[in-house]
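Here the structure comes first, spelled out in structure tokens, and everything after it is commentary.
This structure is a prediction, so every number in the text was calculated from the model and none was measured.
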Amino acid sequence: MDDISVMICDDSALMRNLIGRIVDETTGLTVCGKAENGQDLIDKLQTAKPDVILLDIEMPVMTGLQFLKKRKELKLDVPVIILSSVATEGAAVTIECLELGASDFITKPGASVTLKIGDVTNEIIEYIASYGGAYAAMHGKKIPDPEFFHHQIKLKEAERFVIKKKGEETAKSVSITKQDVVPSSWFQPKVKEPVVITPEREGGKIELIAIGISTGGPNALREVFKDIDPNLKQPILVVQHMPAGFTKEFANSLDNICPLKVTEAEDGEPILGGHIYIAPGSYHMFVEHKPLGNFIKLSQDDPRNGHRPSCDVLFESVAEIFKNKALGVIMTGMGRDGAAQITEMRKKGAWTLGQDKDSSIVYGMPKVAFEMGGVQKQVALADMAGEISALAKEHLLA
């Protein structure tokens with residue numbers, strides 16, 4: 001097996017070392033270089049051949065934003081993951097980075113970096129494995145299945161749990177090391193035949209479209225919404241796993257390229273046709289039915305499947321209220337959020353689509369949903385806008 005090569009670019013030596021340690025302690029990943037700013041990164045890319053770049057935004061000499069503009073000129077195709085400040089004022093710049101071709105972003109820990117780096121360890125591994133893995137495979141490398149890295153994430157979570165419960169000294173005696181998980185001991189999960197579901201009723205007229213998406217989502221949604229039918233009449237509700245403070249800017253960014261109106265959802269607002277609503281970061285979004293119509297509801301109830309917003313929360317409410325009069329779409333993302341409840345939507349007769357393996361950055365959520373029988377049809381990302389638009393038009397309530 002080959003390693004996924006990682007280049008880290010951050011003006012903070014502490015951050016470079018902390019992230020480098022996470023990479024080096026993960027089997028299947030390796031640091032191929034570290035840079036202090038965008039210009040240093042360009043210089044080092046003359047010899048280093050990374051599969052993915054982790055890029056800070058605020059740096060001297062050349063910022064991350066300036067590097068991304070230069071990257072286009074140099075025609076570099078290596079995926080870039082932004083290391084973003086959690087501050088709200090950094091959100092606009094982060095979204096601009098996505099517009100310039102960055103693949104995704106991770107919010108950096110706050111002031112106590114050493115204490116909080118564990119908060120983003122899972123994301124760092126997941127995003128490197130996802131984006132870097134896809135690039136490495138495309139260029140002929142033989143790399144472990146994404147589930148292999150997900151397995152390591154679970155082991156690291158177990159270790160942190162022991163540290164929290166028993167203390168650092170006790171934890172050392174049961175510490176999980178890199179040697180505890182090696183590719184030779186990994187057995188790739190077997191492909192499961194999808195469960196056959198007989199819906200309670202036939203698919204009806206589509207009154208609402210619900211989309212659940214995670215890793216790989218920012219660019220996938222840009223791809224879908226720029227090509228969506230401008231005459232689409234139904235409302236679209238979207239849960240994209242994204243931190244608080246970023247979803248408003250993300251919605252504004254989508255609104256700039258989408259023929260339909262895109263906004264960050266607000267609690268209690270009416271759900272209007274031909275309008276796309278993005279769930280705010282840190283809030284579950286679901287539908288509430290009242291005599292006067294359907295309304296957006298937001299809550300900060302506990303995370304579900306490790307996420308808030310959760311795709312399952314949205315799909316659950318749609319299944320309950322709309323039954324067979326809805327379209328559910330589950331797209332790229334690690335884990336299983338949304339799989340159980342889009343399957344429930346399908347059982348009630350709703351139309352359902354899932355992104356296919358080849359076009360997914362991570363074929364996790366749509367894979368689980370497909371295996372559970374919750375996906376009627378698997379669709380490539382390039383065809384998703386057309387498929388959604390065609391179904392919505394064909395099954396429009398007169």
ask   = Considering all heavy atoms of both residues, which atom of Gly101 and which atom of Arg71 are nearest to each other, and what is their separation?
value = O-NH1, 3.5 Å

task = Assess whether atom CZ of Arg336 is packed by more than 12 heavy atoms of other residues, nucleotides or ligands within 6.0 Å.
result = no

request  = Using atom types as modelled and distance alone, determine if a side-chain donor or acceptor of His307 lies under 3.5 Å from a backbone N or O of His284.
outcome  = no

inquiry  = If you count every heavy atom of other residues, nucleotides or ligands that lies below 6.0 Å from Tyr283 atom OH, does the total exceed 12?
reply    = no

request  = Taking the side chain as every heavy atom from C-beta outward, state whether Phe322 and Val287 have any pair of such atoms under 4.5 Å apart.
outcome  = yes

key: From Asn17, Leu55, Val31, residue fulfilling side chain to side chain contact (heavy atoms under 4.5 Å, CB included) relative to Ile8   = Val31

query = So, does Asn219 use its side chain to make a donor-acceptor pair with the main chain of Ala102 at under 3.5 Å?
reply = yes

request  = Using modelled atom types only, decide if a donor and an acceptor are shared between the side chain of His395 and the backbone of Leu391 within a distance under 3.5 Å.
outcome  = no

request  = Taking atom CD of Glu58 as the centre, report whether more than 12 heavy atoms of other residues, nucleotides or ligands fall under 6.0 Å from it.
outcome  = no

task = Indicate whether the side chain of Glu99 and that of Ser253 have a donor and an acceptor atom separated by less than 3.5 Å.
result = yes

Phe105 versus Tyr127, closest heavy-atom pair with distance = O-CE2, 3.4 Å

Non-hydrogen atoms of Ala319 and Met345 that approach each other most closely = CB-CG, 3.7 Å

task = Look only at the side chain of Trp351 and the backbone of Gly204, and say whether a donor-acceptor pair between them is shorter than 3.5 Å.
result = yes

query = With distance as the sole criterion, is a donor-acceptor pair present between the side chains of Glu264 and Thr247 under 3.5 Å?
reply = yes

Gln300, CD: over 12 other non-hydrogen atoms inside 6.0 angstrom = yes

request  = Check for a donor-acceptor pair, side chain of Lys323 on one end and backbone N or O of Glu320 on the other, with a separation under 3.5 Å.
outcome  = yes

Passing candidate, side chain to side chain contact (heavy atoms under 4.5 Å, CB included) with Met331, options Leu381, Val379, Ile361 = Leu381

query = For the side chain of Asn324 and the backbone of Glu202, is there at least one donor-acceptor N/O pair under 3.5 Å apart?
reply = yes

inquiry  = Counting C-beta onward and ignoring hydrogens, is there a side-chain heavy-atom pair between Ile95 and Pro218 closer than 4.5 Å?
reply    = no

inquiry  = Within the 4.5 Å heavy-atom criterion, are Ile228 and Pro259 side-chain neighbours or not?
reply    = yes

request  = Write down the atom of Ile124, the atom of Ile106, and the distance for their closest heavy-atom approach.
outcome  = CA-CD1, 3.7 Å

task = Check whether any side-chain heavy atom of Lys290 sits under 4.5 Å from a side-chain heavy atom of Phe295, and report yes or no.
result = yes

inquiry  = Check whether Arg346 reaches the backbone of Pro199 with its side chain - one donor and one acceptor, N or O, closer than 3.5 Å.
reply    = no

task = Would you please test Lys141 and Asp51 for salt bridge (Lys or Arg N to Asp or Glu O under 4.0 Å) and show each step?
result = CA-CA 10 Å; Lys141 281 190 174 183; Asp51 298 311; 2.7 Å; yes

Aromatic contact, Tyr277 with His275 (centres under 6.0 Å) = yes

task = Return yes when atom NZ of Lys44 has more than 12 non-hydrogen atoms of other residues, nucleotides or ligands closer than 6.0 Å, and no otherwise.
result = yes

ask   = Taking side chain as C-beta onward, heavy atoms only, is Glu266 less than 4.5 Å from Ile296?
value = no

request  = Working to the nearest 0.5 Å, report the span between CG of Leu327 and CD of Gln376.
outcome  = 8.5 Å

ask   = Do Gln234 and Glu207 have side-chain heavy atoms sitting under 4.5 Å apart?
value = no

ask   = Would you say Val329 and Ile197 are hydrophobically clustered, going by side-chain heavy atoms of ILVMFWY under 4.5 Å?
value = no

ask   = How close do Ser389 and Asp229 get, heavy atom to heavy atom, and via which atoms?
value = OG-N, 3.0 Å

inquiry  = Between Ile128 and Phe149, is there a side-chain heavy-atom distance shorter than 4.5 Å?
reply    = no

inquiry  = Is there a path of hydrophobic side-chain contacts, each under 4.5 Å between heavy atoms of I/L/V/M/F/W/Y residues, joining Leu100 to Met59?
reply    = yes

same_hphob_cluster(Ile271, Val238) at 4.5 Å side-chain heavy-atom cutoff = no

remark   = Heavy-atom closest pair (Ser12 atom, Met15 atom, distance to 0.1 Å) is OG-N, 3.0 Å

key: Side-chain donor or acceptor of Asp2 paired with backbone N/O of Lys142 under 3.5 Å   = yes

Evaluation steps, side chain to side chain contact (heavy atoms under 4.5 Å, CB included), between Asp11 and Asn37 = CA-CA 6 Å; Asp11 63 331; Asn37 55 64; 5.8 Å; no

message = Could you see if Val362 belongs to whatever hydrophobic cluster contains Ile81? Use Ile, Leu, Val, Met, Phe, Trp, Tyr and a side-chain cutoff under 4.5 Å.
response = yes

message = Same cluster or not: Val239 versus Phe225, using hydrophobic residues (I, L, V, M, F, W, Y) connected whenever any side-chain heavy atoms lie under 4.5 Å apart?
response = no

task = Count the heavy atoms of every other residue, nucleotide or ligand shown that sit under 6.0 Å from NZ of Lys34, and state whether that count exceeds 12.
result = yes

